[in-house]
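Have a look at the structure below, then the notes.
One-based numbering along the sequence shown. Counting starts at 1 for both ligands and their atoms, in listed order.
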Amino acid sequence: MEGNLRVQLAGLTFSYPCMLASGVLGYSAETMQRVIEAGAGAVVSKSVGLKARDGYTNPTVFQAKNGLINAMGLPNPGIETYVKEIRHVKELICQPLIVSIFGYSAEDYAIVAEKAATAGADALELNVSCPHVKQTGAEIGQNPNVLSEVVKAVKAAVNIPVFVKLSPNVTDITLLANAAVNAGADALTAVNTLKAIAIDIETTKPVLSNIKGGLSGPAMKNIALRCVYDLKEKLPNTPIIGCGGVSNWQDAIEFFLAGANAIQIGTAIAYEGPEVFQTINLGIKKYLEKKQFRSIEEIVGLSHRR
Ligand code: RRO
């Protein structure tokens with residue numbers, strides 16, 4: 001099917017434009033292999049940090065109307081353990097592996113970045129946008145000066161492309177994007193989950209153990225799409241990876257038209273399984289043929305044309 005579905009971004013080539021979003025099936029090499037076999041052009045790992053974290057106690061996920069609200073709490077085994085998994089993934093798959101990393105300081109990010117790159121990551125995605133874990137995530141990605149410091153430290157530590165995953169929980173996403181790009185980010189992933197809450201009317205209490213979490217899925221699609229549109233308008237030459245509520249090929253096309261060069265899929269996999277990649281690839285291919293476009297590149301940002 002490949003052909004006109006190939007996309008290039010930040011020096012990497014992806015056979016297919018849809019990647020596995022971080023946090024979904026991104027723990028073990030075998031599940032990542034399954035996702036690649038189902039038609040993903042790349043996989044993004046679950047976010048990994050310097051030290052292991054258990055994450056929050058249950059309940060950590062709530063099924064909302066048209067989406068999920070999660071507060072997993074960054075469970076991860078720590079980079080020293082995870083490097084073995086990175087090496088194993090690289091033995092199993094030949095599509096790009098993007099390792100998502102987080103830290104509590106610029107130095108943390110740089111150390112984890114260097115270890116992930118040495119183990120074989122093809123690119124890094126800096127998670128500076130987790131909406132509900134203190135002292136990391138959005139607390140970094142909502143402050144342009146701190147964000148810039150983190151990106152600069154990582155860029156100095158590695159020679160692979162660095163993507164920055166932005167938060168939608170800001171007044172103007174382009175200010176943060178500018179800071180990331182000026183500090184050397186090679187691409188932007190837009191966006192992480194929207195800060196949200198669910199309340200149980202029987203117990204009268206919030207559902208999630210952490211109280212607040214991040215909303216993903218169809219409920220946030222048009223917000224993520226607007227973020228991509230804003231980024232393309234202000235930073236027309238920066239590659240953008242659209243993420244947020246893509247569940248069918250029509251959604252994917254909307255993201256390309258808004259300005260995304262590639263997209264990520266997360267929550268739709270929880271609903272439909274990895275087969276969703278193949279279905280979306282086929283839909284994109286048919287759309288391009290019907291509209292007589294030769295490549296995805298030809299439609300990136302087309303909605304901005306006046
Ligand atoms: O682990 C999580 O709770 C989590 C993370 Br790191 C993130 O970036 N976004 C999200 O919705 N959940």
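- Of the charged side-chain nitrogens involved, none lies within less than 4.0 Å of a carboxylate oxygen, so that Glu91 and Arg87 do not count as a salt-bridged pair.
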What are the atom names and distances for all N or O pairs under 3.5 Å between ligand 1 and the protein?
unit_1   : atom_1 : unit_2 : atom_2 : d
ligand 1 : 1 (O)  : Lys46  : NZ     : 2.9
ligand 1 : 1 (O)  : Leu74  : N      : 2.9
ligand 1 : 3 (O)  : Asn70  : OD1    : 3.3
ligand 1 : 3 (O)  : Met72  : N      : 2.8
ligand 1 : 3 (O)  : Gly73  : N      : 2.9
ligand 1 : 3 (O)  : His132 : NE2    : 2.8
ligand 1 : 8 (O)  : Asn127 : ND2    : 2.8
ligand 1 : 8 (O)  : Asn192 : OD1    : 3.4
ligand 1 : 8 (O)  : Asn192 : ND2    : 2.9
ligand 1 : 9 (N)  : Asn192 : OD1    : 2.9
ligand 1 : 11 (O) : Asn70  : ND2    : 2.9
ligand 1 : 11 (O) : Thr193 : OG1    : 2.7
ligand 1 : 12 (N) : Asn70  : OD1    : 2.9

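- When all heavy atoms are compared, the tightest approach of Leu5 to Ile296 is O-CD1, 3.6 Å.
- Considering all non-hydrogen atoms of both residues, Ala196 and Ile69 come closest at CB-CD1, 4.1 Å.
- Classification of the Tyr287-Trp249 ring pair by plane angle, with boundaries at 30° and 60°, yields tilted.
- Residues Val128 and Tyr109 have side chains in contact (heavy-atom distance under 4.5 Å, counting atoms from C-beta outward).
- Between Val246 and Gln264, the closest side-chain pair of non-hydrogen atoms is not below 4.5 Å.
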